[in-house]
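In what follows, chains are A, B, ... by sequence order, proteins preceding strands, each numbered from 1.
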Amino acid sequence: MSGRTLLGGVLLLVGMALLAASALAVLLSAGPVAQLGGSGMADVPRDGVIAEGVRLLQGGNVNSNNYNQINVRLRTASAAYDGPYTVCIESTRGSPPCQTITITTAVTTVTFNVGGGAQEASVVVRVYAAAR
Amino acid sequence: MSRTRSLVFLVLPHVRQVWLFYLVPTLTRPMPLTSPTYELNSSNNFYARSAIPQLSGTSVTAVQVEVRNAQFLPLVRTANVAVQVYDWGGNLIRSGSATVSVPRLQTRTVTVSLSPSVPYSSVARVVVSVG
């Protein structure tokens, strides 16, 4: 067997291994990937998902000087953007764990638990929603 | 989410070789969508407890604010509520104000109108101040 043939065989084996790995990767990733309207979630515009405000709550109650929860109201601007999203917040009290939820045109409230205590003079909340 | 996955075969018959080029798949993560930043400023024992834009379609026409009166006396106090809306360039594009009477240790809701309405996609920062 010449060196050239041997090299060709090795390359063919490497290629087949890559093909097998690719097929496995597709199988593993096929489940959670969402495609909307065939165009993919990467096309969701800034106003495709609307964060309709924030509320500060203490044990589910807004009528308190303290708060340990931040409620975020979310909806999509159109059913075309309905689907699963990972929602995260950055707040004066840090960034609690992100949550994966399905957002639709109906308002969905997402509750983030934060460290408790009296409300600060200034509270800042920023919301991120990344398509899954 | 999109993928790039390509397979290219290059056949060179004159040397009886098959070259196989494989481009490793790359995942293109979608950019996260960022909402406006909500800033709730409190003073004079009045607390801003919420900022909820009111939308008509995708335009913001008003901002609903819940105000907490944390003071025991007098029985009722009047809160001044101001809303400022900034665009993504940091420019103040809308503002409005309103007053609301809030009984002691209670919370009341007030709606501050923004006229003319502003597209939600232009709203980068909503600042609510009560006092």
TODO: Determine whether Val112(B) and Val130(B) fall in the same hydrophobic cluster, where Ile, Leu, Val, Met, Phe, Trp and Tyr are linked whenever their side-chain heavy atoms lie under 4.5 Å apart.
DONE: yes
Open item on the list: Only heavy atoms, only distances under 4.5 angstrom. Which residues in residues 54-62 of chain A are near chain B?
Closed with: Val54(A), Arg55(A), Leu56(A), Leu57(A), Gln58(A), Asn61(A), Val62(A)
Open item on the list: Taking side chain as everything from C-beta outward and backbone as N, CA, C, O, which of these in Thr34(B) sits under 4.5 Å from a heavy atom of chain A? Side chain, backbone, both or neither.
Closed with: both
Task: Best-contacting candidate, Val124(A), Asp47(A), Val123(A), against chain B by heavy atom pairs under 4.5 angstrom - done: Val123(A)
- [ ] State plainly whether one hydrophobic cluster holds both Phe46(B) and Val100(B), where clusters connect Ile, Leu, Val, Met, Phe, Trp and Tyr through side-chain heavy atoms under 4.5 angstrom apart.
- [x] yes
TODO: Under 4.5 Å heavy-atom distance to chain A, tell me which part of Arg49(B) shows up: side chain, backbone, both or neither.
DONE: both
Task: Over all atoms of both residues, closest heavy-atom pair of Ala51(A) and Ser35(B) - done: CB-CB, 3.4 Å
- [ ] Look at Leu40(B), Leu105(B), Thr37(B) and state which one has the largest set of heavy-atom pairs under 4.5 Å with chain A.
- [x] Leu40(B)
TODO: Name the option with the most non-hydrogen atom pairs under 4.5 Å to chain A; the candidates are Asn45(B), Val123(B), Leu55(B).
DONE: Leu55(B)
Open item on the list: Is Gln106(B) in contact with chain A via its backbone, its side chain, both, or neither, using a 4.5 Å heavy-atom distance?
Closed with: both
Open item on the list: Ignoring hydrogens, what is the shortest heavy-atom contact between Glu52(A) and Pro53(B)? Give both atom names and the distance.
Closed with: C-CD, 3.9 Å
Task: Choice from Ser129(B), Ser42(B), Pro36(B), Ala48(B) maximising heavy atom contacts with chain A below 4.5 Å - done: Ser42(B)
Open item on the list: Under 4.5 Å between side-chain heavy atoms, counting indirect links through other Ile/Leu/Val/Met/Phe/Trp/Tyr residues: same cluster for Tyr86(B) and Val63(B) or not?
Closed with: no
- [ ] Please check if Val125(A) and Val110(A) belong to a single hydrophobic cluster, counting links between Ile, Leu, Val, Met, Phe, Trp and Tyr side chain heavy atoms closer than 4.5 Å.
- [x] yes
Task: Contact class of Ser91(A) relative to chain B, heavy atoms under 4.5 angstrom - done: neither
Open item on the list: Assigning hydrophobic clusters by single linkage (Ile, Leu, Val, Met, Phe, Trp, Tyr; side-chain heavy-atom cutoff under 4.5 Å), is Tyr47(B) placed with Val83(B)?
Closed with: no
Task: Ser64(A) OG to Arg68(B) CZ distance, which is reported to the nearest 0.5 Å - done: 6.0 Å
TODO: Quick one: pull up OG in Ser50(B) and CG in Asn71(A) and give me the separation to the nearest 0.5 Å.
DONE: 10.0 Å
